[in-house]
Amino acid sequence: GLVTAVGNGTATITATTNDGTNLTATCEVTVETPISNYLTLTDVSGLIGARCVLPISMSNTESIKGLQFDLRLPDGVTVATNEYDEMMFTLTSRAHSSHTVSANRLGNGDYRVVVSSLSAKTFSGTEGVIMNVTLSVDNKQVAGDYEVKLFSIVLNTADNVSIKPNGVTATLSLSDVAPGDVNGDGSINVTDVGMVIDHILEHTPAGFIAEAADINGDGDINVSDVGLIIDIILSDNSAREVLMTENVKKSVEEIHEPQ
């Protein structure tokens, strides 16, 4: 027969034959309202002693104008700060220009974040990343997988209705490869520079470690990271002459050539 759900909950359904055999069977049915407005985290990889970016995405069928959440990070991992000593919770283009982020470190690895718009503007779209959180990993952290958690989430609709979706988790995988050691051979040299340039030019070589190439931890590997790796190498004066060969200079120049 046809069973129609009328609300959230669990029901036991029993069916009995009416042909005199008196056979019965039961099943349990659980009904849940689909969650259509929620936040999600993406698993990320990072390096010990470096920065990495944690994306936070939102799926929404309602128009959302504000939100808040608590973020829990493992010991040895903090939200990075910029040159103005501001925590780096960066909104994406889904946010309106009037949206602002307010954040406070609560202690024990917890942060509380509030996003609001004084103009009551809503986020654009219904799917995608709304915020990137730049994380800083202590250089004494141990390599391994760690849990990152979003909880106490509240989404504020354009009609001032509060939606409270479930908390979510993601895995932060940390490696002890040194930033700049793109091939993981334990040494940072001209080979690593060349591999990053090849990656930028869409000729990614085998053994390329993306986390080690994203030196500034902004989630994008580009010529800025090339420059930072060169700075690492040039901090060792004995590497200066080897690095500044015509081949390397030519490769760097290729990145700037118009297509």
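Inspection of the Thr122 and Ser63 side chains reveals no N or O donor paired with an N or O acceptor under 3.5 Å. Under the 3.5 Å distance criterion, with hydrogens and angles disregarded, no donor-acceptor pair is assigned to the side chains of Ser117 and His99. At a cut-off of 3.5 Å, with distance as the only test, no side-chain donor of Thr157 or Glu62 sits close to an acceptor on the other residue. Side-chain contact, Asp19 with Thr21: a donor N or O sits under 3.5 Å from an acceptor N or O. No donor-acceptor contact under 3.5 angstrom links the side chains of Thr26 and Thr14, judged on distance only. Counting only N and O atoms by type, the side chains of Asp220 and Asn222 include a donor and acceptor under 3.5 Å apart.
Take Phe69 and apply the ring-ring contact (aromatic ring centres under 6.0 Å, His included) test, not counting sequence neighbours, and it matches no residue. Judged as a side-chain contact (heavy atoms from CB on, under 4.5 Å), and not counting sequence neighbours, the contacts of Asp43 are Ala170, Thr171.
For Arg112 (side chain) and Leu106 (main-chain N/O), no donor-acceptor pair under 3.5 Å exists by modelled atom type.
For Glu202, the CD atom sits in a loose shell: 12 or fewer heavy atoms of surrounding residues, nucleotides or ligands are nearer than 6.0 Å. Environment of CG in Asn82: crowded, with over 12 heavy atoms of neighbouring residues, nucleotides or ligands closer than 6.0 Å.
Scanning all heavy atoms of the two residues, the minimum distance from Asn216 to Ser224 falls at ND2-CB, 4.1 Å. Of all heavy-atom pairs spanning Val53 and Gly219, the tightest one is CG2-N, 3.6 Å. Between Pro74 and Val148 the shortest heavy-atom distance is CD-CG2, 4.3 Å. What you find for Ser173 and Asp145 is that their closest heavy atoms are OG-OD1, 2.8 Å. When all heavy atoms of Asp75 and Gln141 are compared, the pair lying nearest together is O-NE2, 2.6 Å. When all heavy atoms of Ile215 and Gly180 are compared, the closest pair comes out as CD1-N, 3.3 Å.
Counting only heavy atoms from C-beta outward, the side chains of Gln68 and Asn156 never approach each other to under 4.5 Å. Between Leu228 and Ile232 the shortest side-chain heavy-atom distance does not fall below 4.5 Å. The shortest distance between side-chain heavy atoms of Val44 and Pro55 falls below 4.5 Å.
Applying the under-4.5 Å side-chain rule to Ile, Leu, Val, Met, Phe, Trp and Tyr, the cluster around Leu47 extends to Val177, Ile209.
From Ile153, atom CD1 reaches atom OG of Ser162 across 13.5 Å, with rounding to the nearest 0.5 Å.
The one candidate from Leu91, Thr92, Ile56, Leu54 that meets the side chain to side chain contact (heavy atoms under 4.5 Å, CB included) condition with Asn132 is Thr92.
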